[in-house]
Amino acid sequence: MLHIEHLHVNVGDKEVLRDINLHISEGETHVLLGPNGSGKTTLLMTIMGFTNYTITRGKITFKGVDVTMMHAHERAKRGIGMLFQRPPTISGLKLGKLLTAISRTKQENIPELAKSVHMDKFLERDINKGFSGGEIKRSEVLQLMIQNPDFVMLDEPESGVDLENISLIGTTIGALLEKDKYLAKRKKSGLVITHTGYILDYLDADKGHVMCDGQIRCHGNPREILKDIKQRGYKECLECRNQ
Amino acid sequence: MPELSKADQDRLAQSGIDLAMKNRCGSYLQMDQDIVHAECTQEGIEVLSYKHAMEKYDGLKEYVWKVVSPEKDEITKYVASQKEPKGYVIIAHKGSNNIVPIQACLFLGREQIQHVHNIIIAEEGAELHIISGCTSGEHVGKGGAHYGISEFFVKKNAKISFTMIHNWSENIEVYPRSASVVEENGVFLSNYVCMQPVKKVQMYPTATLKGANSVARFSSIVISTAGSHMDLGSRAILEAPGASAELITRAITKGGTIISRGHINGKVAGTRGHLECKGLILKDGVIYAIPEIEGSVVGTELSHEAAVGKLARDEIEYLMSRGLDEDEATATIIRGFLDVKISGLPEALQQQIDASINVAEKSGF
């Protein structure tokens with residue numbers, strides 16, 4: 001599904017990602033762990049195609065097509081989608097209006113989908129204006145439900161969300177990633193950034209990667225890595241695994 | 001209705017004028033200095049030409065040049081010097097109500113200067129909704145000017161909404177001079193929409209809130225293209241306890257100049273006012289916001305908020321990540337920026353405002 005080779009990324013003049021290699025197969029969900037500022041969000045934004053993130057070397061291939069130079073909307077149309085940790089507030093733009101714009105010719109029942117994530121009362125509100133942490137995430141999930149991407153990137157879906165909402169968001173994301181389907185029939189893939197790991201109760205991640213200083217430093221079973229990090233912190237975890 | 005080319009009919013429609021009179025309860029149409037049509041089917045509401053009205057009601061003379069001074073400037077002097085004043089008088093008699101609006105159309109066809117003097121009165125408890133579409137014909141070659149005096153009288157417990165949609169052209173200058181006086185519990189809503197090129201607009205309508213708990217709300221939604229000079233203001237003078245005013249502007253420049261003025265003067269205790277101007281510079285142009293709030297007593301609460309900026313890249317790319325291309329994303333954000341919902345406005349008029357923005361959106365703003 002997604003294949004990244006020797007990717008180097010600059011923000012301004014500064015190199016923030018170095019020699020990233022990542023392969024995510026159809027039906028797989030991977031977890032990206034790492035300390036704050038290690039480059040996790042940068043990687044997601046680069047895969048999405050944000051122009052602030054300049055690819056200086058390397059290649060991103062999605063479903064066999066080189067998307068390295070593509071605009072964000074072309075990547076979105078090919079099936080890449082992202083849940084943002086801190087999406088912008090857009091004054092005057094109503095959530096319902098955006099959902100209609102995303103939906104285009106699709107026949108989704110927007111009010112019904114909105115109701116399923118308790119956002120039906122927000123359709124006439126300006127996007128993210130005065131939204132709580134949980135409301136922002138539910139709005140993001142709702143947009144993704146309509147977009148229905150094949151490859152879903154999630155940037156800390158549980159941050160700022162209370163326990164009740166984590167369950168709702170987790171279950172909904174699980175459905176987006178077809179976790180309710182048998183493994184062999186699962187087509188959707190995901191890449192999740194998490195610090196707490198709570199979201200993994202709903203996602204059953206296949207692989208974990210640890211990022212540090214703009215590089216992916218180790219790979220492994222996501223729950224084991226998370227356990228190590230929780231017990232020893234990132235520093236010791238990385239030292240151990242580098243041995 | 002007069003013979004009009006298809007192009008002129010379309011221009012009228014774009015400024016909210018429905019020649020078929022669908023969803024309109026009355027109509028006034030003036031082409032240059034000729035009054036073509038004046039009628040109203042709504043009981044209790046009269047749409048008359050200025051001349052006819054003065055003949056019919058002796059007492060009307062008291063309303064003339066009452067809230068706008070004839071000595072104010074060259075424009076008022078010019079209109080005051082006319083031997084045959086033109087324009088309309090709309091009277092909503094006591095207790096009358098029109099949710100279906102009246103349309104007033106001022107069409108500049110061939111004349112150099114079109115002048116009008118309008119008197120709009122909502123008697124006690126009446127509710128009056130007017131849409132004023134101002135446009136020029138495709139044949140105005142050398143250019144022209146529109147001088148418009150409008151005097152509004154909102155009596156006790158009455159309400160007037162006046163929605164003005166301008167659809168002039170690059171060679172027209174427009175000088176509205178209008179003022180209103182609002183009595184106890186009265187409401188005055190003034191909406192201004194201009195999405196199309198104009199050489200120059202200059203206006204500074206004033207509402208004097210004389211009665212307790214009276215309300216004035218001015219909303220302006222404008223786009224200024226290269227060559228357009230728009231000097232727009234609105235002023236509210238709060239003279240009675242409980243009076244409140246709100247002045248809202250959304251201004252976009254694509255190369256033109258917009259001067260957005262505003263003034264709220266809180267003269268007595270227990271008054272409130274808020275002024276908000278948001279500007280977006282899409283192409284090189286000027287947005288000059290001059291918000292003024294003036295309080296002279298303890299107990300008046302006034303505030304203002306002004307911001308001028310550009311489209312945020314992160315907002316555009318956020319929408320692109322949802323599959324909208326750059327143009328669609330940009331248009332969607334601009335559309336949101338201009339989306340001002342005006343409370344107290346009948347649905348048909350809000351739709352008309354939305355429709356003018358839609359036309360601009362279709363041409364990619």
Side-chain angles (χ1 to χ4, degrees), chain A residues 41 44-53 70-106 124-129 136 139-140 142-153 155, chain B residues 193 195 219-223 248-252 276-282 305-343 347 350-351 353-354 357-358 360-362 364-365:
Chain A
T41 297
L44 265 54
M45 298 295 261
T46 306
I47 297 171
M48 193 68 247
F50 275 69
T51 53
N52 245 356
Y53 305 85
M70 273 186 194
H71 292 296
H73 75 277
E74 292 168 317
R75 301 184 195 205
K77 281 182 177 156
R78 284 173 185 276
I80 301 180
M82 178 163 173
L83 178 145
F84 293 80
Q85 192 192 353
R86 291 192 199 88
T89 297
I90 306 181
S91 218
L93 177 56
K94 306 287 178 275
L95 176 62
K97 281 260 164 72
L98 176 58
L99 296 174
T100 309
I102 298 171
S103 163
R104 291 163 191 275
T105 52
K106 296 181 196 163
E124 285 304 310
R125 293 260 304 264
D126 290 5
I127 287 173
N128 299 322
K129 198 176 207 173
I136 286 177
S139 148
E140 290 288 301
L142 178 57
Q143 293 174 48
L144 285 177
M145 285 163 85
I146 290 169
Q147 201 180 341
N148 195 18
D150 296 328
F151 176 63
V152 189
M153 297 187 286
D155 193 351
Chain B
V193 179
M195 302 273 118
S219 309
S220 303
I221 305 168
V222 298
I223 295 182
I248 308 275
T249 300
R250 295 285 182 273
I252 291 181
E276 179 186 300
C277 173
K278 289 190 184 169
L280 203 52
I281 300 178
L282 291 186
E305 191 186 339
V308 175
K310 61 169 185 173
L311 282 173
R313 191 69 210 164
D314 64 326
E315 294 178 16
I316 294 172
E317 294 198 350
Y318 178 59
L319 300 195
M320 288 175 74
S321 78
R322 301 292 185 225
L324 280 67
D325 69 30
E326 185 157 359
D327 290 345
E328 290 167 336
T330 305
T332 304
I333 293 167
I334 294 173
R335 182 65 217 233
F337 174 84
L338 294 175
D339 215 358
V340 177
K341 289 281 172 262
I342 298 154
S343 63
E347 188 55 32
Q350 181 71 55
Q351 279 171 7
I353 291 175
D354 294 347
I357 304 173
N358 287 345
E361 184 179 7
K362 276 204 185 106
F365 289 109

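In what follows, chains are A, B, ... by sequence order, proteins preceding strands, each numbered from 1.
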So, the part of B:Lys278 with a heavy atom under 4.5 Å from chain A: the answer is side chain

Evaluate whether atom CZ of B:Arg313 has more than 12 neighbouring non-hydrogen atoms of other residues, nucleotides or ligands under 6.0 angstrom away. yes

Counting heavy-atom pairs under 4.5 Å with chain A, the top scorer among B:Met320, B:Lys341, B:Glu326 is B:Met320

All heavy atoms of B:Ile221 vs all of B:Leu338, minimum pair found to be CG2-CD2, 3.7 Å

Worksheet item: Between A:Ser139 and A:Gln143, do the side chains contain an N or O donor and an N or O acceptor separated by less than 3.5 Å?
Response: yes

Bottom line for B:Arg250: the part with an atom under 4.5 Å from chain A's heavy atoms is neither

Heaviest contributor of heavy-atom pairs below 4.5 Å to chain A, chosen from B:Ala312, B:Ala329, B:Gly336, is B:Gly336

One option among A:Gly49, A:Ala72, A:Pro88, A:Ser91 has the most heavy-atom pairs under 4.5 Å with chain B, and it is A:Pro88

Checking B:Leu311, B:Ile281, B:Ile223, B:Val222 against B:Ile252 for side chain to side chain contact (heavy atoms under 4.5 Å, CB included), the one that qualifies is B:Ile223

How are the rings of A:His73 and A:His71 set to each other: parallel, tilted or perpendicular (split at 30° and 60°)?
parallel

Greatest number of non-hydrogen atom pairs under 4.5 angstrom with chain B, of A:Lys97, A:Glu140, A:Lys94, falls to A:Glu140

Bottom line for B:Arg322: the part with an atom under 4.5 Å from chain A's heavy atoms is both

Note: vs chain B, highest number of non-hydrogen pairs under 4.5 angstrom among A:Leu93, A:Asp126, A:Thr89 is A:Leu93

Nearest heavy-atom contact between B:Glu328 and B:Gly323 is OE1-O, 4.3 Å

Under 4.5 Å to a heavy atom of chain A? For B:Leu319 that would be side chain

Applying a strict 4.5 Å limit to non-hydrogen atoms, the region of A:Thr51 in contact with chain B is both

> Hey, is CZ on A:Arg78 packed in by over 12 heavy atoms from elsewhere, all under 6.0 Å?
Replying inline: no

